[in-house]
Structures are given as structure tokens and as C-alpha cells.
2 protein chains.
Amino acid sequence: MAPLSLSSQVKANLSEKLRSAGLRTTKQRILLAHLLFGAGNRHITAEILFDEASRSGLRVSQATIYNTLNQFHKAGLLHEVIIDQGRSYFDTNLEEHHHFYVESEARLIDIDQDEIVMGDLPKPPSGYQTDGIQIVIRLSNK
Amino acid sequence: MAPLSLSSQVKANLSEKLRSAGLRTTKQRILLAHLLFGAGNRHITAEILFDEASRSGLRVSQATIYNTLNQFHKAGLLHEVIIDQGRSYFDTNLEEHHHFYVESEARLIDIDQDEIVMGDLPKPPSGYQTDGIQIVIRLSNK
DNA sequence: GTACGTGCAAACGTTTTGCAGCGGG
DNA sequence: CCCGCTGCAAAACGTTTGCACGTAC
């Protein structure tokens with residue numbers, strides 16, 4: 001994969017994205033943002049992102065990967081999907097949608113929005129408010 | 001809490017339950033089964049079960065807690081709910097149902113079956129079969 | 001210049017594993 | 001008697017944290 005040589009146009013776009021999310025634009029964040037957002041919707045784990053960053057020529061520490069993913073998440077640039085014990089997935093698709101999870105491959109697959117039809121959502125118990133809904137359909141090999 | 005003094009009737013019932021699930025009936029499993037299944041539907045973590053077992057007078061190792069929960073799960077006596085990163089919940093309610101999750105209290109709450117209305121489920125991609133569906137609605141304090 | 005980001009390594013909490021010994025069938 | 005279960009301790013795993021240094025603004 002091509003190293004840090006992002007075109008200045010691409011860099012400008014990513015910088016803008018980070019800045020409007022209230023984040024400083026460091027070299028690491030620009031490249032990680034490029035890996036995350038530069039190739040359509042992705043389901044990515046810290047491990048995958050670390051590998052991709054390393055392979056693309058940027059020497060980042062794991063701590064930075066975790067910090068960055070958490071910051072992007074807190075800033076609303078990523079959604080978190082928890083479905084595998086001990087491993088978090090981050091989804092670059094921010095629209096409300098749901099997933100198949102292939103346990104044998106530790107892989108998430110988007111479900112088409114119009115494929116899942118929900119009636120009314122249950123009301124939360126008093127004192128609480130709904131914060132997000134997550135539907136996961138586990139798949140196994142036939 | 002009352003120690004290991006389970007009535008022989010209770011013990012017989014639990015023994016039967018374990019045996020028909022293909023599990024040997026050891027002292028530890030009988031007591032853990034009693035804690036799990038003797039008080040209605042529960043959402044329990046390894047930590048909670050370990051504490052309850054200790055408090056009830058049985059000296060069990062953490063390894064046995066984990067082994068037992070995993071075995072009960074594999075034997076179909078428990079459902080696993082993964083929603084908190086790094087911690088597994090086991091649900092003694094085997095019927096298909098769904099949950100609220102109160103993040104601030106790390107607590108699961110059952111959703112009444114008739115409160116959630118689903119249309120048709122999406123078909124799994126070819127080569128895969130549906131293995132279970134999990135709906136979680138995250139709650140925060142209002 | 002200052003507050004925030006980064007790297008490194010150590011710490012953390014949950015879960016798994018290896019192995020010797022015990023106990024159910 | 002044998003195979004599976006248990007306890008213990010250590011290891012493994014993903015993730016977080018403390019701290020010194022570096023860098024965006």
C-alpha cells in the first residue's frame with residue numbers, strides 16, 4: 001500500500017473533517033482517518049487498523065490506535081459495535097443500520113435497511129432514555 | 001445465605017437437569033445450577049456467580065465458574081449475551097427475547113416479548129444460516 | 001508557550017489454559 | 001478404573017493508563 005503520500009487535496013478534506021469534529025490534526029490521525037474513511041463503509045477493529053497503519057508505513061503505537069478510535073467514536077465519527085467478547089468493532093457507517101455477524105470469521109456484514117422491518121420500539125423504563133438500538137443476527141456456516 | 005444445604009428434592013431436580021443435558025453432577029455444578037436456576041430468570045456474570053457461590057459457602061475457583069458457565073451454555077442451559085466489552089452475561093431465560101442495557105449500571109433488563117414487533121427477518125447471505133438474533137436497546141439516565 | 005497528542009511499557013480485568021489430583025459413572 | 005471435573009497458578013487477550021517527550025495551534 002502506498003505510504004504517507006496522501007495528496008494535499010485528500011489531506012485537506014480529512015483535516016477539515018477532524019477539525020469540524022473538534023479534533024487536532026496530527027499526522028497519525030490524518031493517516032488513520034484516511035484508512036478508516038477513505039474506502040467506503042468499514043467494520044474495523046483496533047488490530048486491523050494497527051496492521052493497516054503499520055503496513056502503510058506509519059509507525060504508530062497501539063495506544064495511539066486505541067486513543068484515536070475512542071476519540072473518533074466520542075466525536076461522533078465512528079459507531080461502536082460490541083458483539084464479540086473482548087473485541088470492539090468500529091463502524092464508519094453512521095446511519096442506523098444493523099448487522100449479521102459471522103462468528104467463524106469474526107466478520108460483520110451490513111443488513112440492508114429495507115430488509116429489516118421493525119414495529120414500534122418498546123418504551124424505556126421511566127427514568128431512562130433510549131440511547132441506541134443494536135440488532136445483530138448471528139450466522140454460522142451452513 | 002444458606003450454605004450447601006439443599007433439600008434432596010431440589011438436588012434431585014437439578015441432578016436430573018444436568019444429567020439430561022449430558023453433564024456430570026458434581027457438587028459444584030449442583031450448587032451453581034441452584035444459584036442460576038433456583039430464582040427465576042437471571043442475567044448473571046462470572047463475577048456475580050463467583051461472589052454468590054463464595055458467599056453461599058462453596059469454595060469454587062474462578063476457573064470452575066468459567067468452565068461451568070461455558071459448559072452450561074454449550075449444553076443449552078444458558079444463553080450468552082454480549083453487550084459490554086470484555087464481560088459476558090449469561091441469561092437463564094432461554095426463550096427468544098431481547099434486552100435493554102443500562103450502561104451506567106452494567107445491568108440488563110428484559111424486554112416484554114409483545115413490546116417488540118419485528119417484521120420479517122432478513123435472509124442470511126447464501127452459505128450461511130441464522131443462528132440467533134439479538135436486539136439490545138441501550139439506555140442512559142434521563 | 002501551553003495544552004493536547006504520542007510512544008513506550010507497565011497495569012488492568014476478564015477469560016483461558018496446563019497440570020496434578022480428585023471423584024462420578 | 002477411567003475419563004472428566006476441579007483447583008491453582010500462570011498466561012493470554014484486548015484494552016487502558018502513567019509518564020516523559022513532542023507537536024499543533
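The chains referred to below are lettered A, B, ... by the order of the sequence lines, with proteins before strands, and numbering in each begins at 1.
Atom CD1 in B:Ile48 sits roughly 11 Å away from atom P in C:dT15 (whole-Å rounding). In this structure, B:Leu49 atom CG and C:dT15 atom P are separated by 12 Å, rounded to whole Å. Rounded to whole Å, atom C1' of C:dC19 lies 13 Å from atom CG of B:Asn67. One atom, CD of B:Gln28, and another, C1' of C:dC22, lie 10 Å apart when rounded to the nearest Å. What separates CG of A:Asn70 from C1' of C:dG5 is a distance of 14 Å, to the nearest Å. For A:Arg29 and C:dG5, the CZ to C1' distance is 6 Å, given to the nearest whole Å. Here C:dT15 presents its C1' atom at 14 Å from CZ of B:Phe50, a figure rounded to the nearest Å. Between the OH atom of B:Tyr89 and the C1' atom of C:dT15 there is a distance of 15 Å, rounded to whole Å.
Every residue two or more places apart in sequence or in another chain was checked for a salt bridge (charged side-chain N to carboxylate O under 4.0 Å, His left out) with B:Arg24, and none qualifies. By the side-chain hydrogen bond (donor to acceptor under 3.5 Å, both in side chains) test, B:Asp131 pairs with A:Ser140, sequence neighbours left out.
The stretch residues 16-25 of chain A touches DNA chain D through A:Arg24, A:Thr25, each having a heavy atom under 4.0 angstrom from the strand.
Using modelled atom types, no side-chain atom of A:Gln62 and backbone atom of A:Ala46 make a donor-acceptor pair closer than 3.5 Å. For the pair B:Arg138 (side chain) and B:Ile83 (backbone), a donor-acceptor distance under 3.5 Å is present. Within the 3.5 Å criterion, the main-chain N or O of A:Glu95 finds a donor-acceptor partner in the side chain of A:Asn93.
Taking 4.0 Å as the cutoff to heavy atoms of chain A, we find the contact window on DNA chain D bounded by D:dG14 to D:dC25.
For the pair B:Gln85 and B:Thr68, both in contact range of DNA chain D, the more 5′-proximal nearest nucleotide belongs to B:Thr68. Place B:Gln62 and B:Thr26 on DNA chain C by their nearest nucleotides, and B:Gln62 ends up nearer the 5' end.
Using a 4.0 Å heavy-atom distance criterion, B:Thr45 is classed as making no nucleic acid contact.
Within the helix from C:dG1-D:dC25 to C:dG25-D:dC1, the inter-axis angle between the opening and closing five-pair segments is 40°, rounded to 10°.
Taken together through direct or relayed side-chain contacts under 4.5 Å among Ile, Leu, Val, Met, Phe, Trp and Tyr, A:Val81 and A:Leu78 form parts of separate hydrophobic clusters. Follow the hydrophobic side-chain contacts under 4.5 Å out from A:Leu31 and you reach A:Leu36 in the same cluster.
A donor and an acceptor atom, one from each side chain of A:Gln85 and B:Ser88, are nowhere located under 3.5 Å apart.
Of the options A:His99, A:Arg42, A:His79, A:His73, a side chain to side chain donor-acceptor pair (under 3.5 Å) to A:Asp91 is made by A:His99 and by none of the others.
Relative orientation of the B:Phe37 and B:Phe72 rings is parallel, given thresholds of 30° and 60° on the angle between their planes.
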Report, one line per pair, each donor and acceptor closer than 3.5 Å where one atom sits in a side chain of residues 14-22 of chain A; sequence neighbours left out.
unit_1: A:Ser15; atom_1: OG; unit_2: A:Lys11; atom_2: O; d: 2.8
unit_1: A:Ser20; atom_1: OG; unit_2: A:Glu16; atom_2: O; d: 2.8
unit_1: A:Ser20; atom_1: OG; unit_2: A:Lys17; atom_2: O; d: 3.2

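When the side-chain nitrogen and oxygen atoms of A:Ser61 are compared with OP1 and OP2 of C:dG7, one or more of them lie within a distance under 4.0 Å.
Under the 4.5 Å side-chain criterion, counting only non-hydrogen atoms from C-beta, B:Glu96 is in contact with B:His98.
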